[in-house]
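Given the structure is predicted, the values throughout are model-derived calculations rather than measurements. The sequence lines fix the lettering, A, B, ..., with proteins before strands; numbering per chain opens at 1.
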There are 2 protein chains.
Amino acid sequence: MPDSRSGRYSIGALAEATDTKVETVRYYERVGLLPKPGRTTGNYRAYTGDHLARLSFIRRARDLGFTLDQIRALLGLADHKDNDCCTVDAMARDHLGDIDRKISDLKALRRELNDLLGQCQRGTIADCRIIGALSPVAK
Amino acid sequence: MPDSRSGRYSIGALAEATDTKVETVRYYERVGLLPKPGRTTGNYRAYTGDHLARLSFIRRARDLGFTLDQIRALLGLADHKDNDCCTVDAMARDHLGDIDRKISDLKALRRELNDLLGQCQRGTIADCRIIGALSPVAK
DNA sequence: CTGCACCTTGTAGTCACTACAGAGTCAAGC
DNA sequence: GCTTGACTCTGTAGTGACTACAAGGTGCAG
């Protein structure tokens with residue numbers, strides 16, 4: 001929770017409010033995703049509500065699987081409120097395509113691994129079908 | 001293709017045969033997944049059929065999404081042919097569970113992103129639903 | 001003998017963090 | 001005022017699984 005007098009957050013408070021590790025908050029600052037906050041007399045970072053908003057955006061987008069580069073782009077777009085939002089839409093659409101590809105890859109993988117598992121006869125490694133299926137044709 | 005006289009492969013030939021980059025083959029050697037091969041007079045690596053078999057195993061397991069640590073374990077098990085294969089089975093089963101979790105996570109993500117996309121009105125960023133959905137409640 | 005493809009080692013970069021070490025700050029309790 | 005403990009600071013290095021590059025050596029065809 002923010003210091004009631006100044007409305008400012010310590011790094012720990014900001015981290016907790018956004019379910020982020022303190023180190024990660026500093027990391028976002030280092031790579032330029034989160035603007036450098038002011039400092040207290042003791043050189044502690046003092047964040048504002050704007051920082052909280054921005055960090056929440058970043059975390060939410062990360063949860064949705066956007067990369068930090070994509071988020072940088074989204075933040076850039078979000079800062080120009082009079083642009084039209086087709087670019088944002090296109091980015092989300094691209095991302096959706098990526099996710100669809102990943103899902104179908106994983107499903108194929110699942111099928112294959114499951115087939116392998118169905119063949120386990122609980123014998124010795126020498127006739128283990130899983131090891132066999134992973135091994136090359138013959139050597 | 002192997003040198004016809006010795007049945008040995010250069011690193012490039014091994015890489016090509018297993019659809020692996022040369023650097024990756026050297027990387028597997030460095031991290032102890034692939035045994036160090038013999039060398040030619042000119043200090044080139046000279047691989048045998050055993051190396052080819054082992055690298056094929058590694059690549060196939062990687063394709064199936066096993067981590068290098070898991071592959072290390074599988075290779076260790078595969079080397080003791082009289083062990084029973086329940087351990088292998090359990091590893092594959094665990095891995096299948098991981099994959100199922102990933103698939104359902106991605107599906108949830110997909111739903112969420114798709115809902116967001118359905119709301120695009122092609123207006124300005126100021127009323128973009130995607131940006132809005134990513135942004136925190138109010139600041 | 002010249003060119004070129006291939007190989008060698010070593011090092012550093014990628015992504016998105018995460019984990020430390022060693023020091024400083026701050027507030028509460030005694 | 002002093003101690004304790006939680007918090008914060010900077011800087012550096014580690015993770016996984018590669019990937020890229022530099023600067024040099026090797027091997028072979030023309």
Side-chain angles (χ1 to χ4, degrees), chain A residues 1-6 8-34 36-47 51 54-55 57-75 95 98 102, chain B residues 1-6 8-34 36-47 51 54-55 57-75 95 98 102:
Chain A
M1 48 232 75
D3 170 353
S4 60
R5 199 184 300 274
S6 62
R8 295 184 151 231
Y9 305 77
S10 71
I11 194 169
L14 198 77
E16 200 186 353
T18 55
D19 199 22
T20 311
K21 300 210 171 181
V22 166
E23 287 91 345
T24 307
V25 178
R26 282 195 286 252
Y27 168 75
Y28 288 157
E29 178 182 326
R30 208 167 65 238
V31 299
L33 265 180
L34 202 58
K36 287 180 195 282
R39 297 290 179 127
T40 67
T41 49
N43 199 34
Y44 283 17
R45 287 171 180 81
Y47 294 99
H51 288 101
R54 198 158 174 116
L55 182 53
F57 183 105
I58 295 168
R59 294 304 286 180
R60 180 104 180 86
R62 281 295 295 143
D63 282 349
L64 285 173
F66 287 93
T67 66
L68 293 192
D69 263 0
Q70 289 174 317
I71 294 170
R72 227 182 299 270
L74 284 171
L75 283 167
H95 189 46
D98 286 352
K102 256 186 212 160
Chain B
M1 47 238 73
D3 169 352
S4 60
R5 199 185 302 272
S6 62
R8 294 181 153 235
Y9 306 77
S10 72
I11 194 168
L14 197 78
E16 201 187 353
T18 54
D19 199 21
T20 310
K21 300 210 170 178
V22 167
E23 287 92 345
T24 307
V25 178
R26 283 195 286 253
Y27 169 74
Y28 288 157
E29 178 183 327
R30 208 166 66 238
V31 300
L33 265 181
L34 202 57
K36 287 180 195 282
R39 297 290 179 129
T40 67
T41 50
N43 198 34
Y44 283 18
R45 287 171 180 80
Y47 293 98
H51 288 102
R54 198 159 173 114
L55 181 54
F57 183 105
I58 295 168
R59 293 304 285 179
R60 179 103 180 87
R62 283 294 297 143
D63 281 349
L64 286 173
F66 287 93
T67 66
L68 293 191
D69 264 359
Q70 288 174 317
I71 294 170
R72 226 183 300 270
L74 284 171
L75 283 167
H95 189 45
D98 285 352
K102 255 186 212 159

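- Of the side-chain N and O atoms in B/Tyr28, none sit less than 4.0 angstrom from OP1 or OP2 of D/dA17.
- In this structure, the side chain of B/Thr20 engages the main chain of B/Thr18 through a donor-acceptor pair within 3.5 Å.
- Dashed line: the shortest gap from a side-chain N or O of B/Ser10 to OP1 or OP2 of C/dC7 is under 4.0 Å.
- Contact check, A/Arg39 against D/dT10: a side-chain N or O comes under 4.0 Å of OP1 or OP2.
- For the residue pair A/Tyr28 and A/Arg59, a side-chain donor N or O sits within less than 3.5 Å of a side-chain acceptor on the partner.
- In this structure, CG of B/Leu68 is placed 11 Å from P of D/dT19, rounded to the nearest angstrom.
- Rounding to whole angstrom units, NZ of residue A/Lys36 and P of D/dT10 are separated by 9 Å.
- Both B/Thr24 and B/Thr40 lie near DNA chain D, and the one whose nearest nucleotide falls closer to the 5' end is B/Thr24.
- Taking atom CD1 of A/Ile11 as the reference point, atom P of D/dA6 lies 19 Å away to the nearest angstrom.
- Interface remark: the A/Tyr44 side chain does not form any donor-acceptor pair with the D/dC9 base, using a distance-only criterion of under 3.5 Å.
- Contact of B/Tyr27 with D/dG16 (side chain to base): no donor-acceptor pair of N or O atoms is detected under 3.5 Å.
- Checked by atom type and distance alone, the side chain of B/Glu16 never pairs as donor or acceptor with a backbone atom of B/Ala13 at under 3.5 Å.
- Remark: P of D/dC7 and CZ of A/Arg45 are 17 Å apart, rounded to the nearest angstrom.
- Whole-Å rounding puts the B/Glu29 CD to C/dC7 P distance at 14 Å.
- Between the CG atom of B/Asp63 and the C1' atom of D/dA17 there is a distance of 14 Å, rounded to whole Å.
- Mapping A/Glu23 and B/Gly12 onto DNA chain C by nearest heavy atom places B/Gly12 closer to the 5' end of the strand.
- Heavy atoms of B/Arg26 sit under 4.0 angstrom from at least one base atom.
- Of the side-chain N and O atoms in B/Lys21, none sit less than 4.0 angstrom from OP1 or OP2 of D/dA17.
- Taking CZ from A/Arg30 and CD from A/Glu23, the interatomic distance works out to 10.5 Å, rounded to the nearest 0.5 Å.
- Separating the OH atom of B/Tyr9 from the C1' atom of C/dC7 is a distance of 19 Å, rounded to the nearest angstrom.
- Of the two residues contacting DNA chain D, namely B/Asn43 and A/Asn43, the nearest-nucleotide position lying further toward the 5' end is that of A/Asn43.
- Proximity note for A/Arg59 (side chain, C-beta onward) versus C/dC17, D/dT8, D/dC18: the nearest is C/dC17.
- Using a 4.5 Å cut-off on side-chain heavy atoms (C-beta onward), B/Arg8 and B/Tyr44 make no contact.
- Listed pair A/Arg30 / D/dG11 fails the phosphate criterion, with no side-chain N or O lying under 4.0 Å from OP1 or OP2.
- Distance A/Tyr47 OH to D/dC9 C1': 11 Å, rounded to the nearest Å.
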